[in-house]
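Each chain gets a letter, A, B and so on, in the order its sequence line appears, and its residues count up from 1.
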Amino acid sequence: MDNVKQLLAVRRDKLQKIRDLGINPYPNHTKRSHTIKELKDNQEQFVADSQQVTIAGRLVAMRRQGKIGFGNVKDESGRIQIFVRKDTTGEENYELFKLFDLGDFVQISGICFVTRTGEYSVKANEVTILSKGLRPIPTVKEKVVDGQTRRFDEFADVELRYRKRYLDLLLNPQIKRTFEIRARIMREIRTFLDGRGYLEVDTPTLQPLYGGANARPFVTHHNTLDMPLYLRIATELYLKRLIVGGFEKVYEIGKNFRNEGMDKTHNPEFTAIELYEAFSDLDGMMEITEAMISTVAQQVLGTTELQFQGQAINLQRPWRRDTMLNLIQEHAGFDASSFDRDAIAAFCGEHNIEVDENAGPGKLITELFDTFVEPHLIQPTFVIDYPKEVSPLAKSKPGNPKLVERFELFIGGNEYGNAFTELNDPLDQRERLTAQSRLREMGDVEANVVDEDFLEALEYGMPPTGGLGIGLDRLIMLFTNNTTIKEVILFPTLKHE
RNA sequence: GGUCCAGUAACUCAGUCGGUAGAGUAUCUGCCUUUUAAGCAGAGAGUCGACGGUUCAAGUCCGUCCUGGAUCACCA
């Protein structure tokens, strides 16, 4: 018999022994009177009064010695020591206590007191099993040395942590903070936008056509309708339809799905917010981006100055704004404003930047930007004036037909958001999407597809509109000082074991 | 996808020059009525990621593959 089977068999055996005592190892009801935090908050009084309490939680440590035993019970609010004596619980109940294993959910009734060594504890007069565990839980021990908690045999295997996130949360409770911050960020974004009169909406995740970004989709099939459906890569085109329909301020927070590679900043499904505001524009989107992110930081973290990977980042408004071409000039010493493809391609070649033969000058300019500029944009920076060639949904910049009114937001060398003055000229939009479909024919699998229904909606008239998208997982990474997107997603996508 | 690193007991990790697989924790047995990384004595527990090769002999050397991490490329 191998070790795991042996360990499982021991637990099964104890389970049967509990049943043999006439005790249900999975009772329906709990009689908790206090959370552990409530015990701690009232320590002085509860000890003075020998307060009778009933706590419930997971048994996370056990130190048995003959006819007594110490253990530690943990609920979501905290962790406390229990003290069990045979002559206090009685013979029969002590038999049950001896069948407890680490990881079991237990209920302890007893009085609050302080042990000889000064530890606040519950002295049990009755122990109850709430849920018997059948698998051994990895044991992480802690010792406090000079106020610092040292941990032993930490549950640290990154792969195991992601695959068995429940164990990660249980054994590495500090991980929970990331997801608490995540939830608060979401709530504060909603509070902020609701306060500005925005309406939260839901648009389809399953779409007959996909659009709104450059990406390959996941494809699925609807059996009854016998048609292909795509998991959305963005919410953009549906939200704009709502602007056509007369809503003036809408936003959606939800999952997007992109069928492409994974790395530290890309998970196949990720959470984004998109918002659209009629009668606004790129300047309006910069204002709302600054206001929203700095407000959320203040609400969630209590400050707009944060530390990210050893760098101090200041989210205090206003944020820097500069054009892509200026920034390339500054960091690469190259003037690309001519949009002369040959000259730009030659410069790329000199700096070992791969040049796709189908790439136009605009595409090459963004590659120069990515290489020379992006890593240096540590403090929040709005990069404006993007090449039209790479921005099929953004409105042209007056006075320069090669550029559009678009920004991307960079913080700490990473991209966080993308916004345009939205293109509302239906004929121009049709030309742009048609140009994208030509790129598709030349092999660009991520080029946009022509969405006739969307174009028809624009033909009914869409007001001048500002639109913004922000990758929320990355924002959460920034706020929690994580460099890996998997750390901020509870169940990140992994390959099969 | 390229390169580099890692995968050994349930957990955390050693394993030298190729020579019968190791420790701590956890588990089991015994002792122990104020311990706290409890302690003492003993025991069980492994397809050394998978497959193939070299060799008298492979955890160790070689090849292929799987999984994860780092990095580069691609990608927002």
Side-chain angles (χ1 to χ4, degrees), chain A residues 1-11 13-14 60-72 79-89 94 101-103 113-121 123 133 135-145 149-164 167 171 212-216 233-234 256 258-268 270 272 352-354 356 366-367 369-371 374 386 390-391 408-410 414-418 444-446 469-471 473-474 483-486 492 494-497:
Chain A
M1 185 155 59
D2 67 41
N3 194 25
V4 176
K5 281 183 184 157
Q6 197 176 77
L7 292 169
L8 295 181
V10 166
R11 299 278 179 130
D13 190 47
K14 289 183 181 174
V60 293
M62 178 79 111
R63 298 173 294 281
R64 282 201 43 228
Q65 48 181 109
K67 298 180 183 65
I68 66 165
F70 292 89
N72 293 85
R79 175 184 160 129
I80 196 164
Q81 178 166 274
I82 60 166
F83 175 47
V84 184
R85 293 171 61 133
K86 193 172 186 174
D87 57 10
T88 307
T89 61
Y94 199 78
D101 282 306
L102 291 182
F113 81 117
V114 174
T115 64
R116 210 173 275 175
T117 52
E119 181 155 351
Y120 183 38
S121 308
K123 186 186 292 181
R135 284 179 182 274
I137 287 192
T139 318
V140 178
K141 297 202 171 186
E142 292 182 351
K143 184 182 188 177
V144 179
V145 180
T149 303
R150 285 183 60 199
R151 311 187 84 215
F152 301 84
D153 296 344
E154 204 154 2
F155 184 75
D157 184 286
V158 175
E159 185 177 356
L160 268 183
R161 285 186 44 234
Y162 297 152
R163 289 195 192 279
K164 310 243 177 260
L167 291 179
L171 299 169
N214 296 327
R216 299 173 73 174
I233 59 172
N256 292 331
R258 297 187 184 174
N259 203 341
E260 55 198 26
M262 298 147 60
D263 61 26
K264 288 170 78 164
T265 55
H266 296 81
N267 195 64
F270 63 98
N352 298 318
I353 297 171
E354 207 173 310
D356 184 331
T366 61
E367 293 194 3
F369 176 82
D370 290 348
T371 302
E374 186 171 326
Y386 272 66
V390 297
S391 312
E408 288 193 341
L409 168 64
F410 292 85
N414 290 309
E415 185 219 327
Y416 287 84
N418 185 17
D444 182 349
V445 292
E446 296 190 339
I470 296 175
D473 304 291
R474 291 184 187 175
T483 53
T484 304
I485 199 168
K486 287 185 168 80
L494 297 170
K495 288 192 194 175
H496 260 299
E497 280 182 272

Report yes if at least one side-chain N or O of [X] is closer than 4.0 Å to OP1 or OP2 of [N]; otherwise report no.
| X | N | answer |
| --- | --- | --- |
| Lys264(A) | U71(B) | yes |
| Lys14(A) | C28(B) | yes |
| Arg163(A) | G68(B) | yes |
| Arg63(A) | U35(B) | no |
| Lys141(A) | A38(B) | yes |

Nucleotide [N], atom [atom2] - distance to [atom1] of [X] in whole Å:
| X | N | atom1 | atom2 | value |
| --- | --- | --- | --- | --- |
| Lys143(A) | U36(B) | NZ | C1' | 10 Å |
| Gln6(A) | A26(B) | CD | C1' | 12 Å |
| Ile353(A) | A73(B) | CD1 | C1' | 13 Å |
| Lys164(A) | C11(B) | NZ | P | 10 Å |
| Arg85(A) | U33(B) | CZ | C1' | 6 Å |
| Arg11(A) | A10(B) | CZ | P | 14 Å |
| Leu494(A) | C66(B) | CG | C1' | 14 Å |
| Arg161(A) | U12(B) | CZ | P | 11 Å |

Name the closest nucleotide to the [X] side chain, picking from [options].
| X | options | answer |
| --- | --- | --- |
| Phe155(A) | A70(B), G68(B), C11(B) | C11(B) |
| Gln81(A) | U35(B), U34(B), G69(B) | U35(B) |
| Phe152(A) | A37(B), U34(B), A73(B) | A37(B) |
| Phe70(A) | U34(B), C28(B), G69(B) | U34(B) |
| Val4(A) | A10(B), A70(B), U34(B) | A10(B) |

If we take the [atom1] atom in both [N] and [M], what is their distance in whole Å?
| N | M | atom1 | result |
| --- | --- | --- | --- |
| U60(B) | G19(B) | P | 11 Å |
| A50(B) | U8(B) | P | 10 Å |
| U20(B) | U33(B) | C1' | 46 Å |
| U55(B) | U25(B) | P | 44 Å |
| G22(B) | A45(B) | C1' | 13 Å |
| U35(B) | U16(B) | C1' | 41 Å |
| C40(B) | G49(B) | P | 32 Å |
| C5(B) | C17(B) | C1' | 24 Å |

How many angstroms lie between CZ in Arg161(A) and CG in Leu171(A), if you round to the nearest 0.5 Å?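 Here the interatomic distance stands at 10.5 Å.
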Rounded distance (nearest 0.5 Å) linking atom NZ of Lys141(A) with atom CG of Asp153(A):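 Nearest 0.5 Å value for the NZ-CG distance: 8.5 Å.
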Under 3.5 Å, side chain of [X] to main-chain N/O of [Y], donor-acceptor pair present?
| X | Y | answer |
| --- | --- | --- |
| Tyr94(A) | Ile68(A) | yes |
| Arg474(A) | Thr265(A) | yes |
| Thr117(A) | Thr115(A) | no |

Quick one: on RNA chain B, does Lys486(A) or Met262(A) contact a more 5' nucleotide (nearest heavy atom)?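 Closer to the 5' end of RNA chain B: Lys486(A).
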Return the 5'-most residue of the pair Pro138(A), Gly261(A) with respect to RNA chain B, ranking by each residue's nearest nucleotide.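 First, find each residue's nearest nucleotide; the 5'-ward one identifies Pro138(A).
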Determine the contact category for [X]: base if any of its heavy atoms lies under 4.0 Å from a base atom, sugar-phosphate if only primed atoms, P, OP1 or OP2 are that close, otherwise nothing.
| X | value |
| --- | --- |
| Ala215(A) | sugar-phosphate |
| Leu171(A) | nothing |
| Ala156(A) | sugar-phosphate |
| Arg64(A) | base |
| Glu260(A) | sugar-phosphate |
| Asp157(A) | sugar-phosphate |

Strand partner of [N], provided both Watson-Crick or wobble distances fall under 3.5 Å:
| N | result |
| --- | --- |
| A70(B) | U3(B) |
| G63(B) | C51(B) |
| G46(B) | none |
| G22(B) | C13(B) |
| A41(B) | U29(B) |

Checking only heavy atoms, does the side chain of [X] share a donor-acceptor pair with the base of [N] at less than 3.5 Å?
| X | N | answer |
| --- | --- | --- |
| Thr139(A) | U25(B) | no |
| Gln65(A) | U35(B) | no |
| Asp153(A) | G24(B) | yes |
| Thr117(A) | U34(B) | no |
| Glu119(A) | U34(B) | no |

Check the pair Arg63(A), Asn72(A) against side chain to side chain contact (heavy atoms under 4.5 Å, CB included), reporting the backbone distance first and the verdict last. CA-CA 9 Å; Arg63(A) 298 173 294 281; Asn72(A) 293 85; 3.1 Å; yes
Hey, is [atom1] on [X] packed in by over 12 heavy atoms from elsewhere, all under 6.0 Å?
| X | atom1 | answer |
| --- | --- | --- |
| Arg216(A) | CZ | no |
| Arg163(A) | CZ | yes |
| Arg151(A) | CZ | yes |

